[in-house]
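Remarks on the structure that follows.
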Amino acid sequence: MFFFTRYPSSTLLKTYFPDVQFNRCITSQLIKWFSNFREFYYIQMEKFARQAILEEVTDSKHLMVSRDSELFRALNMHYNKGNDFEVPDRFLEVASMTLREFFSAVRAGKDSDPSWKKPIYKIISKLDSDIPDVFKSSRCLQELLQS
DNA sequence: AGGTGTCCTG
DNA sequence: CAGGACACCT
């Protein structure tokens with residue numbers, strides 16, 4: 001689901017787990033998961049952005065996340081270990097945008113500001129997509145089991 | 001006060 | 001990932 005939405009609301013999550021009785025604990029745990037997912041995501045982005053700068057990449061236009069890039073491998077291994085899901089193109093676009101944001105921010109020296117990542121987070125939070133209905137837990141589990 | 005997000009830690 | 005502290009918002 002993270003491939004589609006990085007900042008899901010609790011209400012959205014609830015609609016995707018219709019067979020789960022949500023309480024404060026379960027809800028906050030799910031929210032926590034996505035928070036952890038984001039942390040990993042942004043850490044990777046910063047790492048590869050800084051690496052690109054060290055490699056003296058100049059044009060951020062050529063900076064993108066493709067399915068055969070190292071960054072994609074790291075992300076896919078983390079969120080989709082068994083390759084159970086086909087990663088949507090939209091995610092690659094968002095990832096590429098994130099990478100470029102980090103790249104230009106670091107290159108501009110904005111990382112001296114303690115809260116330099118906040119603006120990037122805000123941009124990325126606007127890029128969430130809808131989650132396909134296939135992910136609604138019951139059906140999703142069935143498909144995983146038969147594959 | 002309770003929900004949410006981040007940072008830091010293990 | 002989970003736990004906990006902390007800030008921010010409602």
Side-chain angles (χ1 to χ4, degrees), chain A residues 1-54 60 63-147:
Chain A
M1 287 174 60
F2 185 79
F3 288 136
F4 297 89
T5 171
R6 268 60 59 189
Y7 290 82
S9 67
S10 61
T11 49
L12 190 153
L13 288 174
K14 284 172 184 173
T15 66
Y16 276 84
F17 295 92
D19 54 345
V20 176
Q21 304 88 30
F22 279 86
N23 53 43
R24 292 181 209 79
C25 207
I26 293 181
T27 305
S28 55
Q29 188 189 35
L30 270 177
I31 296 288
K32 178 66 177 177
W33 281 3
F34 277 85
S35 179
N36 280 323
F37 292 163
R38 285 192 297 271
E39 287 192 26
F40 180 83
Y41 177 79
Y42 287 129
I43 287 173
Q44 298 303 310
M45 290 299 166
E46 181 178 359
K47 196 173 90 181
F48 280 82
R50 291 185 184 281
Q51 184 176 308
I53 291 176
L54 288 178
S60 65
L63 210 58
M64 54 179 295
V65 183
S66 60
R67 294 178 191 278
D68 56 354
S69 68
E70 233 183 292
L71 178 51
F72 177 81
R73 278 203 318 104
L75 295 173
N76 192 60
M77 181 166 41
H78 195 73
Y79 307 119
N80 191 24
K81 271 196 183 71
N83 276 310
D84 298 313
F85 306 101
E86 185 185 335
V87 181
D89 290 334
R90 175 63 178 163
F91 177 75
L92 298 186
E93 294 174 15
V94 174
S96 299
M97 285 188 258
T98 313
L99 185 59
R100 292 193 198 106
E101 289 296 335
F102 270 95
F103 178 81
S104 9
V106 172
R107 195 181 44 182
K110 292 180 181 173
D111 54 337
S112 57
D113 181 346
S115 58
W116 66 284
K117 297 177 185 174
K118 302 291 183 189
I120 302 180
Y121 294 167
K122 187 163 188 177
I123 294 175
I124 303 309
S125 68
K126 306 287 183 190
L127 302 178
D128 277 6
S129 326
D130 292 331
I131 306 171
D133 286 343
V134 204
F135 283 84
K136 293 194 173 168
S137 55
S138 51
R139 248 199 300 168
C140 188
L141 270 177
Q142 287 172 20
E143 301 213 349
L144 279 179
L145 289 175
Q146 66 182 214
S147 63

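Within every chain, numbering begins at 1; the chains are lettered A, B, ... in the order of the sequence lines, protein sequences first and strands thereafter.
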Whole angstrom value for the distance that separates [atom2] of [N] from [atom1] of [X]:
X	N	atom1	atom2	value
Lys14(A)	dG3(B)	NZ	C1'	10 Å
Leu30(A)	dA2(C)	CG	C1'	13 Å
Tyr121(A)	dT6(B)	OH	P	7 Å
Ile43(A)	dT9(B)	CD1	C1'	12 Å
Arg24(A)	dG3(B)	CZ	P	6 Å
Tyr42(A)	dG5(B)	OH	P	11 Å
Trp33(A)	dC1(C)	CH2	P	7 Å
Ile120(A)	dG5(B)	CD1	C1'	16 Å

*Decide yes or no, distance alone: a donor-acceptor N/O pair under 3.5 angstrom between the base of dG4(C) and the side-chain of Lys32(A).*
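Side chain to base: pair present.
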Using a 4.0 Å heavy-atom cut-off, does [X] contact any base of the nucleic acid, only the sugar-phosphate backbone, or nothing at all?
X	value
Phe37(A)	sugar-phosphate
Lys118(A)	sugar-phosphate
Tyr7(A)	sugar-phosphate
Glu39(A)	base

Decide, yes or no, whether a salt bridge links [X] with [Y] under the criterion of side-chain N to carboxylate O below 4.0 Å.
X	Y	value
Lys136(A)	Asp133(A)	yes
Asp128(A)	Arg90(A)	no
Arg73(A)	Glu70(A)	no

*In terms of the angle between their ring planes, are Phe40(A) and Tyr79(A) parallel, tilted or perpendicular, with boundaries placed at 30° and 60°?*
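Phe40(A) vs Tyr79(A) ring planes: perpendicular.
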*Using the ring of each side chain (for Trp, its six-membered ring), is Trp33(A) parallel, tilted or perpendicular to Phe37(A), with breaks at 30° and 60°?*
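Because their plane-to-plane angle lies in the 30° to 60° range, the rings of Trp33(A) and Phe37(A) count as tilted.
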_Under-4.0 Å side-chain N/O to phosphate OP1/OP2 contact, Ser9(A) with dT4(B)_ =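 It does not, given that no N or O in the side chain of Ser9(A) lies less than 4.0 Å from OP1 or OP2 of dT4(B).
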